[in-house]
Peer 1: 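Below: one structure in structure tokens.
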Amino acid sequence: MTQTVLTWHGHACFEIQNEKRILIDPFITGNPKTDLTKENVKADLVVVTHGHSDHLGDAVEIALGNGVPIVTMVELAWALKKEFKDLLVEGINLSGGVTVSGVKVRSVIAVHSSSYKDQYVGSPMGVVIGDGFKIYHAGDTGVFRDMELIREVHHPNLSILPIGGYYTMSPAEAQFAVSMLKSEYVVPMHYGTFPLISGNPEEFKELVDKTGVSRTIIAKVGVPIVFGSDGKLLE
Ligand SMILES: [Zn+2]
């Protein structure tokens, strides 16, 4: 296993860097909390959990600019490909997945919706990325019992979970997600970007601490979180 560096770029946007640079849900334009500008983003792969603008974000421009594919749900992939002929897409579907540029991406359920330009575009998804150190990015989701199955099938080392409420789980529901996933580390996301998503990461951490199941890492935008080749947080 190589070292893994995880960096939050605000909202649901995360960058995973191991031998490759993987960018998930790159919402930059219009994101008041991001540290990125879309012109200087480098990526070997862009992963998009669903079509909502706060997730698809600047993915097309970044993928085209870097000459790299977008991995997303098949209906959204088709819609994008129809509009952007030069775009490289990998349209996967639930429980499926793909290995692109040596990066393994598996698709899992997300209990949410997905639209692009006011049209429904299939299901949303969560993703499990990696082979050694596995990161589960839940996308936007409510809590659901099959998170137990995600643990049984994929054993993610780290889970990135929305906690903002309103559109997704709030800290109270996310705590149940943590108890089912039992990953060593959890990172809250999708809060504080806008007033509507007011879930508090400290409250989430307190709830998770009480269960003793996982260790919460409250990411700071733009500050890398480093995991060693043994999968342990470097401090
Ligand atoms: Zn969202």
Side-chain angles (χ1 to χ4, degrees), residues 6-16 22-36 38 41 43 46-63 70-77 79-80 92 94 105 107-129 135-144 147 150 158-178 181 186-201 203-204 218-222:
L6 180 72
T7 309
W8 190 32
H9 295 300
H11 202 58
C13 180
F14 283 82
E15 183 182 336
I16 301 170
I22 306 129
L23 197 62
I24 310 167
D25 287 358
F27 168 45
I28 297 170
T29 305
N31 179 352
K33 294 287 164 74
T34 193
D35 59 321
L36 295 179
K38 62 184 173 185
V41 174
V46 180
V47 177
V48 175
T49 59
H50 63 294
H52 293 159
S53 58
D54 60 320
H55 295 261
L56 179 62
D58 303 274
V60 170
E61 227 170 296
I62 292 167
I70 291 180
V71 177
T72 192
M73 285 294 278
V74 65
E75 284 83 5
L76 179 57
L80 294 175
I92 60 176
L94 298 174
V105 182
S107 169
V108 298
I109 299 173
V111 178
H112 194 66
S113 61
S114 180
S115 59
Y116 175 61
K117 298 194 167 170
D118 298 330
Q119 300 291 316
Y120 279 110
V121 279
S123 300
M125 66 174 179
V127 284
V128 180
I129 295 180
I135 295 180
Y136 166 47
H137 184 297
D140 277 1
T141 189
V143 65
F144 54 94
M147 284 177 170
I150 294 175
L158 182 149
S159 299
I160 303 173
L161 302 174
I163 63 144
Y166 199 88
Y167 299 112
T168 69
M169 300 184 277
S170 63
E173 288 87 24
Q175 168 207 359
F176 285 90
V178 172
L181 289 160
V186 287
V187 174
M189 66 161 172
H190 212 274
Y191 64 87
T193 324
F194 309 110
L196 273 181
I197 50 174
S198 58
N200 181 334
E203 182 194 342
F204 171 71
I218 300 178
K220 292 191 181 74
V221 170

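Each ligand, and each atom within it, is numbered from 1 in the order the structure gives. These numbers come from a predicted model, not from an experiment.
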Peer 1: For His50 and His112, take the angle between the two ring planes, folded into 0 to 90°, and tell me which bin it lands in: parallel under 30, tilted 30 to 60, perpendicular over 60.
Peer 2: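 Correct class here is perpendicular.
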Peer 1: Should the ring pair Phe194 and Phe27 be called parallel, tilted or perpendicular, given that the plane angle runs from 0 to 90° and is split at 30 and 60?
Peer 2: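 The rings of Phe194 and Phe27 sit tilted, inter-plane angle from 30° to 60°.
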Peer 1: In Å and rounded to the nearest 0.5 Å, what is the CE to CG distance from Met189 to Leu161?
Peer 2: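 The distance works out to 7.0 Å.
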Peer 1: Looking only at N, O or S atoms in His190, which is nearest to the Zn ion (ligand 1)?
Peer 2: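 Checking each N, O and S atom of His190, the shortest distance to the Zn ion (ligand 1) belongs to NE2.
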Peer 1: By atom name, which N, O or S atom belonging to Asp140 lies closest to the Zn ion (ligand 1)?
Peer 2: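 Distance check against the Zn ion (ligand 1) picks out OD2 in Asp140.
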Peer 1: Should the ring pair Trp8 and Phe14 be called parallel, tilted or perpendicular, given that the plane angle runs from 0 to 90° and is split at 30 and 60?
Peer 2: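 Trp8 and Phe14: parallel rings.
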Peer 1: For the Zn ion (ligand 1), does an N/O/S atom of His52 lie at less than 2.8 Å?
Peer 2: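 False for His52.
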Peer 1: Test of geometry: compute the angle NE2(His55)-the Zn ion (ligand 1)-OD2(Asp54) and round it to 10°.
Peer 2: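 Taking the Zn ion (ligand 1) as the apex, the two atoms subtend 90°.
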